[in-house]
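Encoded as structure tokens, the structure appears first; notes follow it.
Residue numbers count from 1 along this sequence. What you see is a predicted model; the values in this text were computed from it and never measured. Whatever order the structure lists them in is the order used to number ligands and atoms, beginning at 1.
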Amino acid sequence: MSDCLFCKIVAKEIPAEIVYETGRTLAFRDINPQAPTHVLVIPKEHHADAAALAEADDGLADEVLKAAHAVAVQEGVAEGGYRVVFNTGAGAGQTVFHVHAHILGGRGLTWPPG
Ligand code: 5GP
Ligand code: ZN
């Protein structure tokens with residue numbers, strides 16, 4: 001998708017602080033972090049949201065979740081606890097329509113989220 005911000009990060013057309021990468025996934029720090037650890041994990045392939053990623057049904061959703069956990073371990077937040085958030089749809093606060101998992105940790109996280 002030529003006009004997609006995260007596809008441009010995958011293509012290295014826009015810089016990002018990449019912290020983890022596999023053949024089909026990429027993880028980079030959120031530009032506006034909401035916690036000491038705030039990393040976005042995306043599939044390199046464009047899918048608009050978590051529903052579309054699940055529909056693809058080719059193991060990619062599984063790879064994104066595995067990458068999310070690997071990032072949490074690498075960032076040192078896996079033991080203390082971390083949150084994986086897929087805002088899905090504008091009503092849930094999704095602003096970038098290339099599916100991404102927010103990995104949040106490094107501070108106490110309240111429930112329910114706002
Ligand atoms: P959403 O609101 O769609 O769930 O999350 C989009 C996230 O992307 C936001 O947390 C926002 O801070 C982050 N973001 C937006 N533009 C950029 C960018 O150019 N680079 C990076 N690293 N993060 C971005
Ligand atoms: Zn995209």
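Neighbouring protein atoms of the Zn ion (ligand 2) (N, O or S, distance under 2.8 Å, waters ignored): C4 SG, C7 SG, H46 ND1, H98 ND1.
V77 and V19 fall within a single hydrophobic cluster, where Ile, Leu, Val, Met, Phe, Trp and Tyr side chains are chained together by heavy-atom contacts under 4.5 Å.
Contact check on E13 versus K8 returns no salt bridge, with no Lys/Arg side-chain nitrogen under 4.0 Å from an Asp/Glu carboxylate oxygen. K44 and E63 are not joined by a salt bridge, as no carboxylate oxygen comes within less than 4.0 angstrom of a charged side-chain nitrogen.
The two atoms that bring A48 and Q94 nearest to each other are O-NE2, 3.0 Å, heavy atoms only. When all heavy atoms of T88 and A51 are compared, the closest pair comes out as CG2-N, 4.4 Å.
Hydrophobic side-chain contacts under 4.5 Å tie V96 into a cluster, directly or through other members, with L5, F6, I9, V10, I14, I18, L26, F28, L40, I42.
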Dump the pairs for me: ligand 1 N or O, protein N or O, distance under 3.5 Å, to 0.1 Å.
from, atom 1, to, atom 2, distance (Å)
ligand 1, 2 (O), G93, O, 2.8
ligand 1, 2 (O), T95, N, 3.4
ligand 1, 2 (O), T95, OG1, 2.9
ligand 1, 3 (O), T95, N, 2.7
ligand 1, 3 (O), T95, OG1, 3.2
ligand 1, 3 (O), V96, N, 3.0
ligand 1, 3 (O), H100, NE2, 2.9
ligand 1, 4 (O), N87, ND2, 2.9
ligand 1, 4 (O), H100, NE2, 3.0
ligand 1, 4 (O), H102, NE2, 2.8
ligand 1, 5 (O), H100, NE2, 3.0
ligand 1, 5 (O), H102, NE2, 3.3
ligand 1, 10 (O), D30, OD1, 3.2
ligand 1, 10 (O), D30, OD2, 2.5
ligand 1, 12 (O), D30, OD1, 2.5
ligand 1, 22 (N), R29, O, 2.9
ligand 1, 23 (N), I31, N, 3.3

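Atom CZ of F86 and atom NE2 of H100 lie 9.5 Å apart (nearest 0.5 Å).
A donor and an acceptor atom, one from each side chain of H102 and H38, are located under 3.5 Å apart.
A61 is linked by a side-chain contact (heavy atoms from CB on, under 4.5 Å) to L53, counting only residues two or more places apart in sequence or in another chain.
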